[in-house]
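Okay, so here's the structure we're looking at.
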There are 2 protein chains.
Amino acid sequence: MTSLSARDAGSRPRATMRQVAELAGVGIKTVSRVINGEPNVTPQTTQRVLDAARALDYQPDLHAGNLRRADRRTRTLGLLVGSVDNPFSGAVHRAVEDAAAERGVAVFASSLDDDPQREREAVAAFLRRRVDGLILTTATADQTYLEPELRHGTPVVFVDREPSGIETDAVVSDNAGGAARAVEHLLAHGHRRIAYLGDLHSIQTARERRRGFLDALDRAAVPADDAPVIEDLHDQGTAREALLRLLDGPNPPTAVFSAQNLITIGALHALRERGRHRDTALVGFDDVELADLLEPGVTVIAQHPEDLGRIAAERIFERLDGDDAPSQRVVVGTTLIVRGSGEIPPPGGRRT
Amino acid sequence: MTSLSARDAGSRPRATMRQVAELAGVGIKTVSRVINGEPNVTPQTTQRVLDAARALDYQPDLHAGNLRRADRRTRTLGLLVGSVDNPFSGAVHRAVEDAAAERGVAVFASSLDDDPQREREAVAAFLRRRVDGLILTTATADQTYLEPELRHGTPVVFVDREPSGIETDAVVSDNAGGAARAVEHLLAHGHRRIAYLGDLHSIQTARERRRGFLDALDRAAVPADDAPVIEDLHDQGTAREALLRLLDGPNPPTAVFSAQNLITIGALHALRERGRHRDTALVGFDDVELADLLEPGVTVIAQHPEDLGRIAAERIFERLDGDDAPSQRVVVGTTLIVRGSGEIPPPGGRRT
DNA sequence: ACTAGATTTGACATCGTTGTCAATCAGGCG
DNA sequence: CGCCTGATTGACAACGATGTCAAATCTAGT
């Protein structure tokens, strides 16, 4: 009676290799050979094993095998991004997944919301699951805590943001260069009073973009005092409010550089609300969907998240394949996409 | 000499519980107790073990433990969506991740691109990794192949699309209802010649939306012959071309219902290209970013992907907690968001 | 001082698989 | 017919952890 209790819910536990072996009337090691496509099994035996496996709906337990296997690979990768909900992260994720899928590798994804504690927890959770490698958009200021993992041989590649405190591979956008390009574009159209709307100062890319912004102004000999620099915006709402305050202030900017995709959207809202979208220039960092259909279209410095993700994943696999060259830093360029909002002239129509 | 070869690259393998036990001078089972917070260990012993674990940078191997543990839980979930790159999927993913993270569960995500073969492979890949449950937006016409997994006790929950061939939980949007609502909205504004632009006919939700569209026309006694029904569009490009053909044709529609987010974007492009965006009404299914900033704003039937994801994840966890009630079907309502494009009257200005 | 009872601890089998190695088998050759 | 060779097969240990259970230690009551 009680021996049947496993069937109570009409369910029996998943079949093991031992049960397949028993049904096929062979040894367990022979099943292992068939499942793993090892040589030296007769076609008849192979067939018997496959039939038994099918009959029992056998699925090998990758982790049990991995425990004993020599290479100790789980064929699993851990990806840490800002949020799987953000289009930029989504594109990175997709590229990583595609590169991984080609190699039969599954991807764990986790959203950090730029929270250092979440990063530490997510990394630990992935390591306990023995991922073969980590790809991360860091949220912490210092990643020294990853040092031991690197020594244990787990490859770590940074995407979008550079590592600090450890020596490891990184794939990043040309943040300072892209930001400078945006500013130069606005300067070329005659603007002198350009506002900077940026993400949390704790984020490395945000600081880089700010640096690019200020450097470009400096090179053009535009006093930075003219430029309202607003930082620590972290979503559409705060960005919108910040720009509304500027627009309602005594000396509003004639142009705006919004340094992140959600900030750009917040800025667009603020401009529309004040009806200033046709006379205030705007260049955003990172492209946004439908930007081309707005009136005016939104000029942006586009990043190439697919490239970032693809290159990062390739780097991980090269490391896993034994590449032990010194750590590399790959910079992916940005592209200025002219659509209208960045070409609006300042009120006076000043020209070079 | 050779005994040191493990350090060749300056790396030593990851520490095991045995090594922690040795360093702490205790038995391996005592380390297990400390790591898992089991009772009956003196504070001094606990401290010695924790010190040793820290010194060796010990991370328990979740999968090794799981092999022996009674509950056999990997604390891992598999999520299969259209593409992690699509905003709708991203929102579902984020909601699932949040619900999972609360419970210390990690999430594997995989993109299917509506390819049935990819679905089968991804499911197998997840099962071999012994995920505790599967949440999927199916790409196959029939999911009978999942029947054995259900019997083995792996909970499966469908999101966005309904299962076929198996009895299991599903969380879906009110596709037919939402589509009908869109059509009724356009009818109320006087339109009679409404085009339907839909996704692949093989996709269940696409068929549901088409059904809702046709039903609403039927109820209004509008002959379906008037309505150009175009299906099997699967990206922005094909949707754009299809609508361009309609607009350039002999008797163009006065209103358009685009039944998916990428199709809506393609339709928007087509309308702009022909300069018809101010006189052709448009209602899209599924909201798109920046839809409110276009001119006119894009009226949509918004889905609630966060709710779909959250409810699906909760369902999985209820099943894992032992809920064995008959499978449920949860329908999440849609919301009509009026923004302008859906309220454009037909040329004649006919009114009810 | 001695023992019952509770607390703390560790030896050992075990989970599902793969690596090692020896046993068996078929066929060919002297 | 016996022996060698190479192909085929399976017994067994091991991977890193946990469950079981008994041994060791402590506490308190007589």
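First the proteins, then the strands, lettered A, B, ... as listed; each starts at 1.
- For the pair A:Met17 CE and D:dT9 P, the interatomic distance rounds to 15 Å; values are reported in whole Å.
- Across all strands shown, A:Arg72 has heavy atoms under 4.0 Å from sugar-phosphate atoms exclusively, and none from any base.
- Residues B:Val41 and A:Thr16 both approach DNA chain C. Their nearest nucleotides, taken by heavy-atom distance, put B:Val41 toward the 5′ side.
- A:Arg329 contributes atom CZ, which lies 12.0 Å from atom CG of A:Asp169 (distance to the nearest 0.5 angstrom).
- Between the C1' atom of D:dG16 and the OH atom of B:Tyr58 lies a distance of 7 Å, rounded to the nearest Å.
- Counting only heavy atoms from C-beta outward, the side chains of B:Val123 and B:Leu134 approach each other to under 4.5 Å.
- Atom C1' of nucleotide D:dG16 and atom CZ of A:Arg130 are separated by 9 Å, given to the nearest angstrom.
- With D:dA14, D:dT18, D:dG10 as the choices, the nucleotide that has an atom nearest any side-chain atom of B:Ser32 turns out to be D:dT18.
- Within 4.0 Å of B:Ala21, counting heavy atoms only, lies no atom of the nucleic acid at all.
- Closest to the side chain of B:Ile28, from the set D:dA13, D:dA17, D:dG16, is D:dA17.
- In this structure, the CZ atom of B:Arg14 is 15 Å from the C1' atom of D:dC15, given to the nearest Å.
- Checked by atom type and distance alone, the side chain of A:Asn66 pairs as donor or acceptor with a backbone atom of A:Arg73 at under 3.5 Å.
- In this structure, B:Arg18 does not reach the D:dC15 phosphate: none of its side-chain N or O atoms is under 4.0 Å from OP1 or OP2.
- Between B:Val156 and B:Leu150 there is a side-chain heavy-atom pair separated by less than 4.5 Å.
- Between B:His93 and A:His93, the ring-plane angle classifies as tilted under the 30° and 60° cut-offs.
- Counted by atom type alone, A:Arg14 and B:Thr154 present one or more donor-acceptor pairs between their side chains at under 3.5 Å.
- Here D:dC21 presents its C1' atom at 11 Å from NZ of B:Lys29, a figure rounded to the nearest Å.
- Projected onto DNA chain C by closest heavy-atom contact, A:Asp71 and B:Pro43 fall at different nucleotides, the more 5' of which corresponds to B:Pro43.
- Rounded to whole Å, atom P of D:dG10 lies 8 Å from atom CZ of A:Arg33.
- A 4.0 Å heavy-atom criterion places the boundary nucleotides of DNA chain C facing chain A at C:dG16 to C:dT20, written 5' to 3'.
- Contacts of B:Asn40 with the nucleic acid, taken as non-hydrogen atoms under 4.0 Å apart, include base atoms.
- For D:dG16, its base never sits under 3.5 Å from the side chain of A:Arg68 at any donor and acceptor pair.
- Mapping A:Thr45 and B:Val31 onto DNA chain D via the closest heavy atom, the residue that lands nearer the 5' end is A:Thr45.
- A donor-acceptor contact under 3.5 angstrom links the side chains of B:Gln143 and B:Thr140, judged on distance only.
- Interatomic distance, CG of B:Leu56 versus CE of B:Met17, reported as 12.5 Å (0.5 Å rounding).
- Within the nucleic acid shown, B:Pro60 comes within 4.0 Å of sugar-phosphate atoms alone, with no base atom in reach, counting heavy atoms only.
- Within 4.0 Å of A:Asn66, counting heavy atoms only, lies no atom of the nucleic acid at all.
- Atom CD in B:Glu22 sits roughly 16 Å away from atom C1' in D:dA17 (whole-Å rounding).
- The distance between atom CG of A:Leu127 and atom P of D:dG16, rounded to the nearest whole Å, is 16 Å.
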